[in-house]
Amino acid sequence: MGEMDYQLIESKWQKKWREKKAYESNPDKREKFYLTAAFPYPNSPQHIGHARTYTTTDVYARFKRMQGKNVLLPMAFHVTGTPILAMAKRIAEKDEELLKIFETIYGIPRGKAAELTDPKELVTYFSKEIEQGMQEMGFSIDWRRKFYTFDPRFNKFIEWQFRKLKRLGFITKGSHPVPWCPRDNNAVGSHDTKGDVDPELGEYVLIKFKYKDGFLVAATFRPETIYGVTNVWFNPKANYVKVKFNGEKFVVSAEAAEKLKMRHSDLTVEEKNVKIASGEECENPMGGKKVPLYPASFVDSKNGSGIVMSVPAHAPYDYLALRDLGKAQGIIQVLKIEGFGEFPAKEVVEKMQVKDQNDPKAEEATKEVYRKEAHGGTMVVGKYKGEPVLEAKEKIKGDMIAEKKALIMNEIINGPVFCRCGALCGVKTVEDQWFIDYGNEEWKEKVRGHFAKMSIIPKKAIAEYEYTINWLKEKACARASGLGTKFPFDEKKMIESLSDSTIYMAYYTIAHKLAELKPEELDEKFFDYVLLGEGKGNAKMDALRKEFLYWYPLDSRHSGADLIHNHLTFFIFNHVAIFPHELWPRQIVTNGFVLMDGGKMSKSLGNILSLRSAVKKFGADVVRFSVVSGAELGADSDFNQTLAEGIDARIKIINDLIEQSVKNKDKAEWGKSDADKWLASRWGKRVAHAEELFEQLQLREVAQEIFYNTINDIRWYQKRIGNGKQNLRKLLEEWVLLVSPFMPHLAEELWEKLEGTKKGMVVEQKLPKASAKYDENAERAEQLVISLLEDTENILKMIKRTEPPKKISIYCASDWKRKVYEIVYAEKRFDTSMKKAMALPEVKPYAKMVAKAVEQYVKNVAGLSSKLMSQKEEVKVLEGAAEFLGKEFSCEFSVMKEEDAAKMGEAHKKKAEFSQPNKPSIFIE
RNA sequence: GCAGGGGUUCCAGAGCUUGGUCAAAUGGGCAGGGCUUAGAACCCUGUGGCUUAGGCCUCCGCAGGUUCAAAUCCUGCCCCCUGCACCA
C-alpha cells in the first residue's frame, strides 16, 4: 500500500491552491460569507496553541465554501503597544532566558535572534515566520489584504475611528492610577516586569490622626472601623519621616514617602528620622478622641504608610498586639455579624489559639474575620448604624475624603514588583488620561439590544458577555509609549492596543486596494464616504464603498475565549457606535486553549511546541485535526504524540481503502447485501447530520462521527461481508469531501486518487448530499445480528467450554409473545398488561407462559423497543446471517422458529421457551 | 468577594437540555491472545464485583428529596479551574 509523504502532499496542494488563487476572494454574484480571526501579535513565533483559533476559523471557512458561499478570510498583524518594544529591548540587552527560549523552542539561531533589536525588524521577522506557518497549515487566507497596525494608512483609519467616537461623546478625560516605572517613566503591564508579574493595584485609605504640628496617617482597607480605634500602631524599627504636600505635614515611613511622591509631585521631606515614642497621643478625626501610640512588630513600613490604626474588636493583629502589651482592655465594637459576639477578632484568636502577633496563624485569623465581616456585617455605631458594612465602608470613605479627614493612596499589593529595567515599580496617577466611555448607559443599552440578536457560539459564553457588557466602564485608551497610531487629540500619546483593534475587520474589505492611494488621501471624508456613505465621493471611492458593502457586516468573528471580557465586547461596542445597525456583526465564536500532554504550555516548563515544528513532525492535517477535534469548542483540547499517531494510523486505513477501491474499479454505488444496507444507512445518517454540526462548529462531534465511528463501522462491515465483496466507493467519496475542511491537503490527494482530475479539485466541490438514506429496518436487522453474536459469545465465555461448539441452534420467539411485548410496552405495568394480554384470543392458548413473559418484559420495561419485527422477519434476517455467524463460531448454525424446537428434543424445546422478541434463544451443543 | 465553567468508571473524556435502551460512548493505558525470528505496526478479547446459559449486585463529588424509574430533575453542602482591565 502506498506510503503517505505528508510534506510532499502539503506543498503540492498549497502550490496548486496558490496557482489557482483559490483563496483570493472578490465580490461576485454569490452570497458572501465574511469571517475573521483575531490577528496575531508577532513578538514571537506561534505555537500549536495559536493554531486552535485559526484552524477552527479555517475549517469553518472551508465548510462555508462547500455550501457555495463566496468566503473571505483575511489576516493581518497586530503590532500596537509595548510588548514588541519590550521584546526588542530584552534582545538588545542579550537577555539569556529569552534567547534560550527562541533557540530551543522555536529553533531561531542565536545570531539571527540577536539581530532583532529594532522593533520593526522584529515585527518583520516574526510576522514572516507566522505567515509561513499559516501557509504551511493550509489556511485559506486571502493574503493580499495583509497589513500591520502601524501602517500609515491603517493609522488614518484608526484616527478616523477615534474622531468618530469623540464626536459621539464616547471619549472622556480624567485621572487614573496605574502601575508605574519611575525610571522608564511609563505605565507597566505584566510583560514589562521582571518575571512577568501582573501588578495588582489596591486602594488604601489614609486616615489623618492629628499629631503634633501635622498628622500621622494610618493606612487601612477598612475605613468603616474608624469608630473602633483604641490606639495607633507604629513599628519601632522603622524609619519615619515628616513630609509636606498639599500644604499639610504628615508623618509616614520613609518607604511610604517615596511612593507618595509619585502621586504628589510637590512632596518635600521636612524632617528625617522622626522618633515616635510609645504612649504619645494623637487625635482620631472621627469624634476627636485622643488615642495613644504603641509599638507593634507586625506593622510593615513598606505597606501603606507604615502606620496602622488599631481596632482590636475586629482585627486579630490589633487584638494580639494589644494583648502582647497587656493592654487589651476598652475594646470598642463597630459592627456585628451572625455567629459572633461583640469582639469577633478576640473570639477567633482564642478559638484558633494564636500565640502572638508573630504567629503565622494570625494571618489566617485575619482572613477569616475579614471575610465574614465584609460579607455579612452590619454597623452598630456611627452615622450609618444599621447598614451593611459593604455600603457603609464606601460612604464613610467618601465622607472622610470630602471632609479632608482622609486621602486615597494606591499601591501595588502583590509587590514588590520590579520593572525589567530593574527599578521598583510604584503607582502613579496619570492626569489627562483619555478614556473610551464604555460605561455610557445609552451605548450599553444599544449593545445589549444587538447582542441579544447575535449568534454566540458556544452558547455557554453568553452569560459572560452579558456580565462584561454590564460591568465595562471607562477604559483608558492612550499610553505614553508603544507602536501603533498616535492619539489624535494628544499627539504625544499613542492609542492603546486593545482600542485600535475593534473595527479593523472593516479595513480588510478594502485594504488590498488602498496601496494606490497616498496615506494623506485617506482623510476623514474618505472613510466617512467609503464606510458610512456620508458626504461626497469620487469614482474610486464609490468602487471601494461597493466592495465594503459587499462584505460587510462581518458574519463570524473568531478568537480564544479569553478575549470575551475585553476585545470581543469592545468589538461589539465599537461597531454599534460607529456603523448603522445593518452592518453590525452577526456572530462570535470562541474556543478553548490547547494543552500539551495534559498540561498548560508555559515558558518556564519549556513544554511549548512550536507550530512549524509540529507541522514538520506530524503533518499539517494531523495537527489541524488534533487541535480542533480533541475537545468541544469551548473546552481545552490536549495535544500529544499518541493522539497524533492515532489520527495518522486512521488516515492510512482510509488511504488503503481508497487505493484498494480504485484498484478493484469499484462501481460508485452501494451494494445490495444486508451489511451494505446497514452501512449505507449508518453513513447516510452521518452525512445528513454533518452540515448541522459544522454549522454549529461542533467539530469534535463531526470528527467523532465521520472519522472514528465511521472507521469502526467499516471494520464491522468488512468482517460481516467477507473477503472480496466489499464496495466502499460511495462512502469514501463522500468521506473525503466531509473531512476536507479538517484535512484539506489529504482530501485533495485522496480525491485525486479516487476521481482523477475530471471533477476538479476538492476546493471546487460542494458539501456532499447523502447518497443513502437512513434505513430503519436495515439497522434494526443488523442490530439483531450484532446482539446475537454478542450474546452467543457471552454464553460461551460463561460456560467456560473448552472445546468449540459443534452446533448452535437459534429459536425466534413466537408471534404471540410479540403481542404481549407490545402490550407491556404500552402499559409498562404487570397487572394491566396481564389483563389485556389474556383478553387476546391469540394469546390465550399460552396462558401458562404468559405470566412469565409479561414478568420478563416488565422487568426490562426500559429496554423495550417501540417497533418489532415479526417472527418471520426475524428468522429471515438471521438466516441471512447464518453463514457469517457459523463462520464466526466455526460450527453449524441453524435458525428456526420457536415452534419447531419440539422436533429437536426436550432440551431444545425448554430453551426455546426463553426466547423473546429481539432476543432469540440460543442453544449450544 | 463578584462572575463564569467544572467534579463521571485506571487516565482523558462523552452522556445531563428532552429521566428509562447506562456498568455508562470514544480514545488512551494496562493485561491476555493472534501475526512475527523478535519487536513495531496491525487485528481480536478483557479491563467495578460476583456468576459454568445471555443473570445478579454496587456505581457517576457529598447529603437529602421528587419519581414505578435519576449520572440525568430539585434543595443544601464540599472541592477544583478561569476572569475581574488599561495588559496583549
Side-chain angles (χ1 to χ4, degrees), chain A residues 38 40-41 43 78-84 86 176-179 187-192 196 198-201 370-371 374-375 390 430 433-436 438 459-468 470-479 482 496-499 501 561-567 570 592-593 595 598 600 630-632 634-638 640 642-643 645-647 649 652-653 700-701 703-705 707-709 712 715 719 787-788 790-801 828-830 858 860-866 911 914 916 918-924:
Chain A
Y41 192 85
N43 67 341
H78 193 212
V79 298
T80 308
T82 53
I84 284 173
H176 191 66
V178 289
V188 286
S190 58
H191 52 82
D192 302 312
D196 288 332
D198 194 18
E200 278 177 62
L201 293 190
Y370 278 29
R371 203 181 54 221
H375 200 53
L390 223 50
V430 179
Q433 178 58 277
W434 294 85
F435 298 95
I436 299 178
Y438 292 120
K459 290 221 169 9
K460 276 176 187 167
I462 290 176
E464 219 169 318
Y465 285 100
E466 285 171 345
Y467 180 76
T468 308
N470 286 332
W471 165 84
L472 277 182
K473 40 190 192 273
E474 290 182 323
K475 152 88 183 152
C477 62
R479 285 193 70 160
E496 175 277 331
S497 68
L498 286 174
S499 301
S501 54
D562 53 326
L563 295 186
I564 292 173
H565 69 100
N566 50 42
H567 164 75
F570 298 162
F593 304 114
L595 304 175
K600 218 172 171 170
E632 273 173 64
D636 293 351
S637 72
D638 187 35
N640 57 62
T642 326
L643 174 75
E645 283 167 359
I647 295 165
K652 294 213 162 74
I653 290 172
R700 177 199 156 85
E701 187 74 14
Q704 204 67 229
E705 294 237 326
F707 202 71
Y708 296 101
N709 294 345
N712 289 347
R715 281 183 186 143
K719 178 167 153 181
S787 15
L788 183 66
E790 281 170 0
D791 281 351
T792 312
E793 279 172 345
N794 266 340
I795 295 168
L796 285 171
K797 224 174 286 157
M798 193 77 92
I799 60 178
K800 293 181 184 151
R801 230 170 102 138
K828 312 239 188 279
R829 301 171 48 141
F830 184 83
V858 168
N860 184 31
V861 66
L864 304 186
S865 54
S866 58
K911 177 53 62 183
F914 285 101
Q916 296 177 32
N918 265 342
K919 209 168 171 62
S921 64
I922 301 160
F923 190 85
I924 299 169

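A note on names: the letters A, B, ... follow the listed sequences, proteins ahead of strands, and every chain is numbered from 1.
- When the P atom of B:rC81 is taken as reference, atom CG of A:D562 falls 18 Å away, rounded to whole Å.
- In terms of phosphate contacts, A:N712 brings a side-chain nitrogen or oxygen within less than 4.0 Å of OP1 or OP2 of B:rG27.
- Put simply, the side chain of A:E496 gets close to the backbone of A:L498: a donor and an acceptor are under 3.5 Å apart.
- Here A:I564 lies out of heavy-atom contact (under 4.0 Å) with every strand.
- Among the atoms of the strands shown, base atoms are found under 4.0 Å from some heavy atom of A:H176.
- Inter-residue side-chain proximity for A:S787 and A:K919 is flagged as unmet; no heavy-atom pair is nearer than 4.5 Å.
- Applying the 3.5 Å distance criterion, the base of B:rG54 shares a donor-acceptor pair with the side chain of A:D791.
- Put simply, the side chain of A:D636 gets close to the backbone of A:F593: a donor and an acceptor are under 3.5 Å apart.
- Candidate nucleotides B:rG83, B:rC42, B:rA88 were compared by shortest atom distance to the side chain of A:A649, and B:rC42 ranks first.
- At the heavy-atom level, A:L472 lies under 4.0 Å from base atoms of the strands shown.
- With distances taken from any side-chain atom of A:T82 to the nucleotides B:rA88, B:rA3, B:rC86, the minimum falls on B:rA88.
- Between the A:H565 side chain and the A:D562 main chain, a donor and an acceptor come within less than 3.5 Å of each other.
- Closest to the side chain of A:K473, out of B:rA88, B:rA85, B:rG54, is B:rA85.
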Could you write nucleotides 5-15 of chain B as a row of B, S and -, 5' to 3', where a protein heavy atom under 4.0 Å of any base atom gives B, of only sugar-phosphate atoms gives S, and otherwise -? -S------SSS
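- A donor-acceptor pair under 3.5 Å is absent between the side-chain atoms of A:R479 and the main chain of A:G81, judged by distance alone.
- Taking atom C1' in both B:rC43 and B:rC35, one finds a spacing of 8 Å when rounded to whole Å.
- Under 4.0 angstrom from either OP1 or OP2 of B:rG28 there lies no side-chain N or O belonging to A:T642.
- Considering only heavy atoms from C-beta on, A:F435 stays 4.5 Å or farther from A:K475 through its side chain.
- Under 4.0 angstrom from either OP1 or OP2 of B:rC43 there lies at least one side-chain N or O belonging to A:R715.
- In this structure, the nucleotide among B:rU26, B:rA53, B:rC87 sitting nearest to the side chain of A:I924 is B:rA53.
- Comparing B:rG54, B:rA88, B:rU26 by their nearest atom to the side chain of A:L563 picks out B:rA88.
- If A:G646 and A:F435 are placed on RNA chain B by their nearest nucleotide, the residue sitting closer to the 5' end is A:G646.
- Under a 3.5 Å cut-off, the side chain of A:Y467 and the backbone N or O of A:I462 do not form any donor-acceptor pair.
- Checking A:S787 against A:E464, the closest nucleotide of RNA chain B that is more toward the 5' end is the one next to A:E464.
- Picking from B:rU26, B:rC86, B:rG83 the nucleotide with the shortest atom distance to the side chain of A:Y467 gives B:rG83.
- Pair assignment for B:rU26: B:rA12, on the basis of Watson-Crick or G-U wobble contacts that are both within less than 3.5 Å.
- B:rG83 is paired with B:rC2 under the criterion used here, namely a Watson-Crick or G-U wobble arrangement in which both key atom distances are under 3.5 Å.
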Could you walk me through whether A:E645 and A:T642 pass side-chain hydrogen bond (donor to acceptor under 3.5 Å, both in side chains), step by step? CA-CA 5 Å; A:E645 283 167 359; A:T642 326; 5.3 Å; no
